[in-house]
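Down below is the structure, laid out as structure tokens.
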Amino acid sequence: MGKEKTVGSPTLAHEMFQVGRYKRTQGRIARQVTLVAICLIVAIGAWQLYTPLSASMSREAALIIPGLVLVLGCWCGFRLVNWPTFADFLISVEAEMNKVTWPSKAELWRSSLVVMFLMFFLAACLLLFDVVWGQLFRWIGIS
């Protein structure tokens with residue numbers, strides 16, 4: 001009942017040294033977006049690593065180390081989205097997203113306007129309560 005392991009599913013450590021792609025035509029958009037997000041996070045981390053290294057090391061060493069981190073991180077991200085366990089999850093996410101009924105542009109605008117109106121209305125109510133209670137407490141002498 002708990003965590004069931006797929007028969008024949010390789011471990012993540014084993015998957016890191018593979019080259020092939022798992023179910024390459026299924027869940028393509030979800031997997032590509034996930035890979036881009038992982039690579040973007042790794043790139044930001046490599047840039048943040050480059051900044052202090054450039055002040056304390058030679059330019060070549062300061063470029064090589066973050067470059068290796070970037071390449072290794074992107075490779076790990078690529079292998080992660082092709083790991084059968086995670087890839088099956090992303091495939092099912094894309095299948096569920098395809099079942100969603102998305103609103104039309106007019107519905108989206110109406111809904112957005114309702115939400116913004118309610119936010120401003122509730123903010124005004126909170127401001128009114130704050131002013132009334134503040135005046136009441138000052139009149140009583142509490143604050």
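- Residues Gly73 and Val42 share a closest heavy-atom pair of CA-CG1, 3.8 Å.
- Atom CE of Met119 is surrounded by 12 or fewer heavy atoms from other residues, nucleotides or ligands within 6.0 Å.
- For the pair Val81 and Ala87, the tightest heavy-atom approach, listed with the atom from each and the gap, is O-CB, 3.4 Å.
- Phe129 and Leu118 sit in two unconnected hydrophobic clusters of ILVMFWY residues. Membership requires side-chain heavy atoms under 4.5 Å apart, directly or through other members.
- Rounding to the nearest 0.5 Å places CZ of Phe121 at 10.5 Å from CG of Leu126.
- Counting all heavy atoms, side chain and backbone alike, Leu90 lies closest to Ala30 at O-CB, 3.6 Å.
- Following chains of ILVMFWY side-chain contacts shorter than 4.5 Å, one cannot reach Ile41 starting from Val36, and the two form parts of different hydrophobic clusters.
- Looking at Asn98, its side chain does come within 3.5 Å of a backbone N or O of Glu94 through a donor-acceptor pair.
- Residues Arg110 and Val114 have side chains not in contact (no heavy-atom distance under 4.5 Å, counting atoms from C-beta outward).
- A donor-acceptor distance shorter than 3.5 angstrom exists from the side chain of Ser54 to the backbone of Thr51, with no hydrogens or angles considered.
- Contact annotation: the side chain of Ser112 approaches that of Leu108 to within less than 4.5 Å [non-hydrogen atoms, C-beta and beyond].
- Under the 4.5 Å side-chain criterion, counting only non-hydrogen atoms from C-beta, Val93 is in contact with Phe89.
- Scanning all heavy atoms of the two residues, the minimum distance from Ala62 to Pro66 falls at O-CD, 2.8 Å.
- Closest non-hydrogen pair, Thr34 versus Phe86, comes out as CG2-CE2, 4.0 Å.
- Taking every heavy atom of both residues into account, Leu35 and Cys74 meet most closely at CD1-O, 4.2 Å.
- Note that CD1 of Ile142 is 9.5 Å distant from CH2 of Trp133, once rounded to the nearest 0.5 Å.
- The 12-atom threshold is exceeded at CH2 of Trp75, counting heavy atoms of other residues, nucleotides or ligands nearer than 6.0 Å.
- Taking the ring axis of Trp83 as reference, the NZ or CZ atom of Arg79 does not stay both within 45° of it and closer than 6.0 Å to the ring centre.
- The shortest side-chain heavy-atom distance between Asn82 and Arg31 falls under the 4.5 Å cut-off.
- For Ile29, the CD1 atom counts as loosely surrounded, since its 6.0 Å shell holds 12 or fewer non-hydrogen atoms of other residues, nucleotides or ligands.
- Residue Val69 belongs to a hydrophobic cluster whose other members are Leu49, Leu53, Met57, Ile65, with links defined by side-chain heavy atoms closer than 4.5 Å.
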